[in-house]
K.L.:
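Got a structure here, written out as structure tokens. Questions coming.
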There are 4 protein chains.
Amino acid sequence: MNYPKALSKIYIKLANSKDSGKVATYIPELGKVQPEKFGVHLSTLDNQSFGIGDSNENFSIQSIAKVFALTLAYKIKGEKLWRRVGVEPSGKPFNSLIQLEYDKGIPRNPLINAGAIVICDILQSQLKNPLEALLSFVRARSGNQNINYSQRIAASEKTVGNKNLALINLMKSFGNIENPIDDVMDFYYKLCSIEMNCTELSRTFLYLANYGIDPFSEEKILSKSKSKRINAVMQLCGLYDEAGEFSFRVGLPGKSGVGGGIVAVYPNNYCIAVWSPRLNKKGNSLKGVKFLEKFTTETRSSIF
Amino acid sequence: MNYPKALSKIYIKLANSKDSGKVATYIPELGKVQPEKFGVHLSTLDNQSFGIGDSNENFSIQSIAKVFALTLAYKIKGEKLWRRVGVEPSGKPFNSLIQLEYDKGIPRNPLINAGAIVICDILQSQLKNPLEALLSFVRARSGNQNINYSQRIAASEKTVGNKNLALINLMKSFGNIENPIDDVMDFYYKLCSIEMNCTELSRTFLYLANYGIDPFSEEKILSKSKSKRINAVMQLCGLYDEAGEFSFRVGLPGKSGVGGGIVAVYPNNYCIAVWSPRLNKKGNSLKGVKFLEKFTTETRSSIF
Amino acid sequence: MNYPKALSKIYIKLANSKDSGKVATYIPELGKVQPEKFGVHLSTLDNQSFGIGDSNENFSIQSIAKVFALTLAYKIKGEKLWRRVGVEPSGKPFNSLIQLEYDKGIPRNPLINAGAIVICDILQSQLKNPLEALLSFVRARSGNQNINYSQRIAASEKTVGNKNLALINLMKSFGNIENPIDDVMDFYYKLCSIEMNCTELSRTFLYLANYGIDPFSEEKILSKSKSKRINAVMQLCGLYDEAGEFSFRVGLPGKSGVGGGIVAVYPNNYCIAVWSPRLNKKGNSLKGVKFLEKFTTETRSSIF
Amino acid sequence: MNYPKALSKIYIKLANSKDSGKVATYIPELGKVQPEKFGVHLSTLDNQSFGIGDSNENFSIQSIAKVFALTLAYKIKGEKLWRRVGVEPSGKPFNSLIQLEYDKGIPRNPLINAGAIVICDILQSQLKNPLEALLSFVRARSGNQNINYSQRIAASEKTVGNKNLALINLMKSFGNIENPIDDVMDFYYKLCSIEMNCTELSRTFLYLANYGIDPFSEEKILSKSKSKRINAVMQLCGLYDEAGEFSFRVGLPGKSGVGGGIVAVYPNNYCIAVWSPRLNKKGNSLKGVKFLEKFTTETRSSIF
């Protein structure tokens, strides 16, 4: 139960272990990261905070940012949100396009690319400046007013974004995209290119451990029910096609990004952020998943 | 927080509400149930027990029994079990066969039909009399030595079992079935035809709320880790293609059957079993899901 | 065997029959056609020419133009063409995207949308002005220097072109598109918007009945072998998911368009073009298919 | 145009060439064939007959026999046959099961396994002894009263028939199988295990080159229209997922079997049978396809 002790012990063990994972290179700029980076930060609701390794170094949070976009959209639209995106796990990657055809343009959930693109479209329709709103939200939660996206990464993602263009065009053909495709994709790539460190990430996610209330500002971000529901969506859909394995081994709701970050939420207790850029075959940080498995086992943190 | 009060209040409200669900009729014998039946039973780890309505009437537990078969197989084979079946949610129903082809005969998880059939095959290989072992297990947990399967229902299921025969034959063509098809299917249909009431079901599942220990006999059924992992699998895969919706609305691991039963597990707290035969479009008890949503909201029971 | 007699007899019969087909309206401008239009023209290799009904009225030839683009690309690239597009029938419409994913961006054949888009990309890379080359080709074959595409239709198609954008983006993500997407799609929509009448169409296709030689100019368009191969591709892939039915009932290679035109080729004998805008459920001219079935039966024209 | 000369020339050339194909071994007994066997026989409507190599040696005709079953069923049921099986090409192998689910148990065409199984079910319902009827038919056409199926091969196929059992069970679950599964599969495996030589095969298929009339007995097997339609079905569906390639390269309707045989029909002219057990990746005789491509090119035989 001694969090800092468990954290250091496991960190040291893994820091010295071999890692067969591969850095994501399909986005050229992402491939330039130093593969050996490894950082962890834990923030608890009783105001404790422990970091180790590269926990204060910025990285590209990628899909982790989809949770922030979902939070804003859910806050604005309420349960009507689910008319345009589902809450079911997505299954095999080969399903992405056939599923969209079968379900007439409604993505399975808001954490796969197609779903996050719909969320971006919704924010685009509802907010004057959705990017600014999103960045304000992250800055307020993390306490760092300088958080921003990387223009370099956003531009790099755009150059290889044809699969995403296929998804958004298919959804538009079914009427599930309201705004010009370029605008939505522009916002989407900036969202995915936000750069943060583990300390900030673990702190930012605390509202989801605290039933919708930011524990620092005591601002109510979401109702208790909505906050739990986002955790449920993360539990079932947060790690691509490895959601089952992650639930099974880690036992907490979480969200990963191809930049090598993973955040996990232990409701009523803590948030933890890990960063290690080498990915397993499912696209999740190999060392990150291992760390979380060992840490939750050692500290007996599990929702099950 | 007052469990019995919440339970009665919600029961009465729902008992008098209209129910647009439809009793499963594809298995002829199942269609003979009285559609208005409605029972609930809650068993807590601190030894409380509350039932209401038709909670002492037997019904066909159907797929709920897959959790018992999984428990036995996991106990015997340990983590090697997962070489023959996955732990990922299954996605759309139209995937069942294409997914098996794509994954070369390895089902996505042990709670879909294909996966439960593999579990039956494993028990068939490992045990002299797998059905007897299974029934003994259920009788010991529930405290009722008379629990049995219905020959009438098992026979009725067999007559309409061509889709399951398609699944098992496809898996056998990939080498993932060891025993004669007739033997495995025979066991599978008997498993699904076990008859229990809500009182017995809620009591039987308590080992999963109690980290693997039967709270009555104090027998260790599973290690703490294995027990949590079964909860994780139920959370992600227990309600067919409605697992996301159930997680979202109910917030507990659960398992449903087409007989209209649903069991939900609140770790470290309680198990609850509901029975109402009218099903929603995804094949889960319509009133059962509603009841659990209201009950967990009212009593603030949620893992998230 | 008397072509004109059979042609008039069947035309009159069908002209007076009810037609339950529906004009294509998904392209707004296409929906403005008069649904009762009905024309037929037959051109034989021994220089006979018979037209009836609206055979001299222009219509949007749509996918029929894909055969002309294929002819030019095959002439230029030879058998290397087939590295970028297949020659197999495409099966169910729901396959379009999953098939492209499975085959890593290589479309099944050059007559489905994805395949024709690849052909346009190839012509874009090989020719300075592919549209001009294409129009010159059609003008030379048909003998009408005024043939052109409709800017109105091309623009209208673009407004509803998201499904095609999904296809081209998916192919580009696999590296099977060389040119800017906008350029390729621009050419593609102009190609599909060419306007011709039945007389011109039946005359233009004669090189495919004549083993690659334009019978008027005696110019060699394609080698004998290539000409036969295009007929083979039309036979297997020319009528979307109705190719089997068309082979079965009509027995000649053919190509249809959603504008309601169909051209059929009887090698060593004739070409025939039919136009009637009401479509059957598979997207082919309902009266057109009926006319060709009756005409080929009556005149004993069949390759089988 | 000199058939025997072309036939010998090409035979000699190919007999001495290397062959990278692989004998089918998934049916254990089929794997025992001598891989170097190579025979060809041509039978023309003007009563010429030329054989070379192993043309008088029996082999397992496998799927080629599906054409005979189709002929009998079509003769009996007429156009009603197509209520239970389609006439469209089947597309990718990965579609077999998903297609059957999508089309509610109606196979795409009668020459894929699922379709031939339905044909067997139809014959089982319509005839007292369908196997005897089938063998009589083949014996009468070929002039050899001793033609039979191999019990050894039929039994061997049954031992590896789980994929076929998956197909038939799925179709039965949709109500498209009337007879007991064991009876239908028994007939199906015997059908596929018929043994004939090239001489007999080429002679037997002549009714399809002769518009439905057996040229020896002058018996009318099928109407002209039905005969052409079977050719159309062979053209589009006769070579599995290589139908397009075969049409493209060979230009004649044909049917192949995994025993290494291929028969091609040149309407109004001839039938040709080739046998060479080494198969290409699509499951068709590698040398067989090559031979037919060269022979039809050399003799200018093509329907296009």
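Keep in mind the model is a prediction, meaning the values are calculated, not measured. Naming convention: chains lettered A, B, ... in sequence-line order (proteins, then strands); numbering from 1 in each chain.
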K.L.:
Using a cut-off of 6.0 Å, state whether more than 12 heavy atoms not belonging to A/K75 lie near its atom NZ.
P.N.:
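More than 12 within 6.0 Å, yes.
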
K.L.:
As an exercise, state the distance from CG of B/L239 to CD of A/E88, rounded to the nearest 0.5 Å.
P.N.:
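Output value for this atom pair is 9.5 Å.
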
K.L.:
Other residues, nucleotides and ligands only: do more than 12 of their heavy atoms fall within 6.0 Å of CD on A/E218?
P.N.:
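No, CD of A/E218 has 12 or fewer neighbouring heavy atoms, counting only those of other groups under 6.0 Å.
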
K.L.:
Which residues in residues 243-253 of chain B have any heavy atom closer than 4.5 Å to a heavy atom of chain A?
P.N.:
B/A243, B/G244, B/E245, B/S247, B/F248, B/R249, B/P253

K.L.:
Does atom NZ of A/K226 have more than 12 heavy-atom neighbours, drawn from other residues, nucleotides or ligands, at distances under 6.0 Å?
P.N.:
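Enclosed.
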
K.L.:
Are A/E242 and B/V87 side-chain neighbours, meaning at least one heavy-atom pair lies under 4.5 Å?
P.N.:
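No. Closest side-chain heavy atoms not under 4.5 Å.
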
K.L.:
Select, from A/L236, A/V265, A/N231, A/L208, the one with the greatest count of heavy-atom pairs under 4.5 Å involving chain B.
P.N.:
A/L236

K.L.:
Examine whether an atom of B/Y211 lies under 4.5 Å from a heavy atom of chain A, and if so say whether it belongs to the side chain, the backbone or both; otherwise answer neither.
P.N.:
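The side chain, not the backbone.
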
K.L.:
To the nearest 0.5 angstrom, please state how far the CE atom of B/M234 sits from the CZ atom of A/F304.
P.N.:
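With rounding to 0.5 Å, CE (B/M234) is 9.0 Å from CZ (A/F304).
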
K.L.:
Between B/S302, B/A209, B/C237, which has the largest tally of heavy atom pairs under 4.5 Å with chain A?
P.N.:
B/S302

K.L.:
Can you list the steps and then say if A/K224 with B/T297 is a side-chain contact (heavy atoms from CB on, under 4.5 Å)?
P.N.:
CA-CA 10 Å; A/K224 191 168 183 176; B/T297 303; over 6 Å; no

